[in-house]
J.: 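Before I ask anything, let me first share the structure, which is written out below as C-alpha cells.
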Amino acid sequence: MSFVALPGFRDAFPDALARRRRIFDVWRQVATRYGFEEYDGPPLEPLELYTQKSGEEIVEQLYTFTDKGGRSVALRPEMTPTLARMVAQRAAQLRKPIRWFSIPQLFRYERQQRGRLREHFQLNMDIIGEAGPLADAEVIAAAVDVVRALGFGPGEVRVRVSDRRVLAELLTDELGVREPELPGVLTALDKYERAGAAAQAGLGAALGGDAARTEGVARFAARLRDPAPLLATPAAAPLRACVGHLAATGLGAFVEVDFRVVRGLAYYTGIVFELFDAKRELRAICGGGRYDNLLKDVGGVDLPCVGFGMGDVVLGELIAARDGPAAGSPAVDVFVAVVGAEDRPSALALAHALRERGIRVEFALRTQALGKQLELAAARGARHAVVIGPSEREAGEAVVRALETGAEARVSLEHLATEYGFA
RNA sequence: GUGGCUGUAGCUCAAUCGGUCAGAGCGCCGGACUGUGGCUCCGGAGGUUGCGGGUUCGAUUCCCGUCAGCCACCCCA
C-alpha cells in the first residue's frame, strides 16, 4: 500500500520548501517595511463565520465537519472574516489606522487545476480605519513591492486598478440598473473580459431578463477597454488620487487603470485591483480592494478597510518560470572528513566546536574512503572540507581544503575550533 | 460538481499493425580510486506499463469502470 498526498495538497520537499520560505521572507520583509504587524488566527473556525457572509452555497467549497462537541466547523478558506472578528474585539483600543498582515494557510474544497489547489498560503495585508485613497495606494504599493523584491519589473508584472463606485454610478444613473441588481451585474461584468459574449447570459439574468437594459449594459461593457472617459467622471476622484499617489511613489510604471477589473467578491465597495503576469499566462497573482462594510456586517464595528490577498501558488509558478527548477541552497558549510576510524574522536571534537560557533557542519556517519567523503562533501555544496588523518593529529593540525579550487592549507586544530574564518 | 485530454523506473521519455518491447538518459548505490571530490569507464538496485475488470492464444497497445493529473466550466479566497 502506498500513499500520496490528497488531491490538491502539496508535499513540501526541501527544494520546494526553500522556494516557499523565500517567498515568505519577502512577504514579511515588505510588510514589515510598510509598518505592518503580523497576526494569526485559528485555521479552524465556526462554519457560520463564512456562511453568514457568503451564503450557504459556499459550504460546497469548504472543508467542513462536525467536531466532537457537535459544532459545525470549517477550515478557513480566507483570512478576512477572521481578521474582521479579531479587529472587532479590540477595535476600541487599537490605534487607527490599523496595519496588519498575516500569512495563513487556507483551504478550499474544489477541483484543482494549475495555480489553484485545495490548500495554499496567502499573504494578507489590510489597512483598517482609513477611507481615503492614500490607504488604497499604500496596500497596492506594498503588493507591487513584493513582486519587485522578488526581482520582477513592469515588464513582467502589472497592476490593474479599478473602482466599483465609478461603475456603480454609471450603471445606476445612466443605464437603469437598480441598486439590488448591482451585485449581480458587477459579478457578470467581472466575467465579461474572460467569457466575452457568454457572460451576457449572466448579465441578462442579473437584470431580470430585461433585454433593453441588458443590451445597454453590454454595450457599456464593450467600451470599458478605454478607461479615459470613466476616469474623467467625478466618481473617479478617489481612483485618480490613488493612481497619482502610486505615481508619486515611483511605481507608476506598474499601474494601469482598467475598469474591466471588478473582482468577483460581493463585499468590495470601492477601489479594486489585481496583479497579474504581463504575458497573461497565469491566474491573478494577487487580488484586493476596499471593503468598507464588511467589518460592520461581520463584527458590528463600522470601520473602512482595504487590503489584498497574494497566494504562494501563482507567485511560485511565476518564479519557477523565470528561474527554472528549484535549486536548493547548500545546507552545509564545512564537511569534516577522517582518514581512519582512529581519527574520529578528533573529528567529532572539531565538528562540535565548529557547530558551537554556528558553522553548519556535516561528516560521514560511517567510516568510508576519503574519496567517498569528499564526494559527499561536494554533493552537499560545502565550501570547505577539513581532513584529519594520523599525521595531522600528530602535529595538532588538520588540512583545510577549499572544495571549489582544491587549494589546501594546514591549520592548527585549536585555531580551527576557535576562530578560523571559513571564507 | 460537469465536460474534454492524459497516465510506462525517483525524473524526462521510448517500445513498428495487439506478438521477447519492458528499454534509454539523468538521478541514486557500488567498483576502478585501501589519504583527496567534481570528469571518465564498469556494474547494481528500482516498474504487477495508475488500479480493477473485459475482449484475445497473447494486451503497455483495444473496450469498460475507477483513481490521479492537466485543461475548460463553476468559483476566484
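Small disclaimer: the values here were computed from a predicted structure and weren't measured. Chain naming here is simple, since letters A, B, ... match the order of the sequence lines and numbering starts at 1 in each.
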J.: Please determine, by modelled atom types, if A:T172 and A:E179 share a side-chain donor-acceptor pair under 3.5 angstrom.
T.: no
J.: Rounded to whole angstrom units, what separation is found between the CZ atom of A:R76 and the P atom of B:A77?
T.: 16 Å
J.: Quick check: on RNA chain B, is the nucleotide nearest A:P7 upstream (toward 5') of the one nearest A:M79, or the reverse? Name the residue that is more 5'.
T.: A:P7
J.: Which stems, defined as runs of 3 or more consecutive Watson-Crick or G-U wobble pairs with both pairing distances under 3.5 Å, involve RNA chain B?
T.: B:1-7 with B:67-73, B:10-13 with B:23-26, B:28-32 with B:40-44, B:50-54 with B:62-66
J.: Under 4.0 Å between a side-chain N or O of A:Q61 and OP1 or OP2 of B:A77?
T.: no
J.: Taking only residues two or more places apart in sequence, or in another chain, which ones meet A:Q89 in a side-chain hydrogen bond (donor to acceptor under 3.5 Å, both in side chains)?
T.: none
J.: I'd like to know if A:R401 pairs up with A:E408 as an ion pair, taking the criterion as any Lys NZ or Arg NE/NH1/NH2 lying under 4.0 Å from an Asp or Glu carboxylate oxygen.
T.: yes
J.: Could you give the CZ-to-P distance, from A:R111 to B:G3, as a whole number of Å?
T.: 9 Å
J.: I want to verify a distance call: between B:A77, B:G35, B:C73, whose nearest atom is closest to the A:S391 side chain?
T.: B:G35
J.: When rounded to the nearest Å, what value does the distance between C1' atoms of B:U6 and B:U61 take?
T.: 15 Å
J.: How many whole angstroms separate atom CG of A:L62 from atom P of B:C75?
T.: 15 Å
J.: Using the P atom in both, what is the distance from B:U49 to B:G7, to the nearest Å?
T.: 15 Å
J.: Check the distance between B:G69's P and A:D11's CG and give it to me in whole angstrom.
T.: 12 Å
J.: Would you say the side-chain atoms of A:E156 pair up with the backbone N or O of A:G153, donor to acceptor, closer than 3.5 Å?
T.: yes
J.: How far, in whole Å, is B:U2 from B:C74 if one measures between their P atoms?
T.: 16 Å
J.: Between A:Y420 and A:F422, is the gap from one ring center to the other below 6.0 Å?
T.: yes
J.: For nucleotides 36-41 of chain B, give me one character per nucleotide, 5' to 3': B if any protein heavy atom sits under 4.0 Å from the base, S if the only such contacts are to the sugar-phosphate, - if neither.
T.: BBB---
J.: With P as the reference atom in both, quote the distance from B:A45 to B:U12 in angstrom, rounded to an integer.
T.: 23 Å
J.: Under a 4.0 Å threshold between the charged nitrogen and the carboxylate oxygen, would A:E397 count as salt-bridged to A:R410?
T.: yes
J.: Given atom CD of A:E317 and atom C1' of B:C70, what is their separation to the nearest angstrom?
T.: 12 Å
J.: Give me the distance, rounded to whole Å, that separates B:C29 from B:G46 when you measure between the P atoms they each carry.
T.: 16 Å
J.: For A:I388 and for A:Y109, locate the closest nucleotide of RNA chain B by heavy-atom distance; then report the residue assigned to the nucleotide nearer the 5' terminus.
T.: A:Y109
J.: Is the shortest side-chain N to carboxylate O distance from A:D25 to A:R22 below 4.0 Å?
T.: no
J.: Scan A:G8 against the nucleic acid and name what it touches under 4.0 Å (heavy atoms): base, sugar-phosphate only, or nothing.
T.: sugar-phosphate
J.: Using the P atom in both, what is the distance from B:C21 to B:C64, to the nearest Å?
T.: 29 Å
J.: For atom P, what is the distance between B:G47 and B:G38, given to the nearest Å?
T.: 29 Å
J.: Rounding to an integer number of Å, can you tell me how far A:Q113 CD sits from B:U2 C1'?
T.: 13 Å
J.: Roughly, in whole Å, what's the span from CE in A:M125 to P in B:A77?
T.: 18 Å
J.: When the P atoms of B:U8 and B:U16 are considered, how many whole Å apart are they?
T.: 16 Å
J.: Would you indicate what A:R116 reaches in the nucleic acid, counting non-hydrogen atoms under 4.0 angstrom: base, sugar-phosphate, or nothing?
T.: base
J.: Do A:Q61 and A:R118 meet the criterion of a side-chain donor-acceptor pair at a distance under 3.5 Å?
T.: no
J.: Is A:K279 salt-bridged to A:D277, cutoff N-O under 4.0 Å?
T.: no
J.: Going by the side chain to side chain donor-acceptor pair (under 3.5 Å) test, name the single residue among A:T80, A:D297, A:D126 that passes it with A:Y291.
T.: A:D126
J.: Are A:F24 and A:F121 an aromatic pair by the rule of ring centers under 6.0 Å?
T.: yes
J.: Given atom CD of A:Q373 and atom P of B:U34, what is their separation to the nearest angstrom?
T.: 13 Å
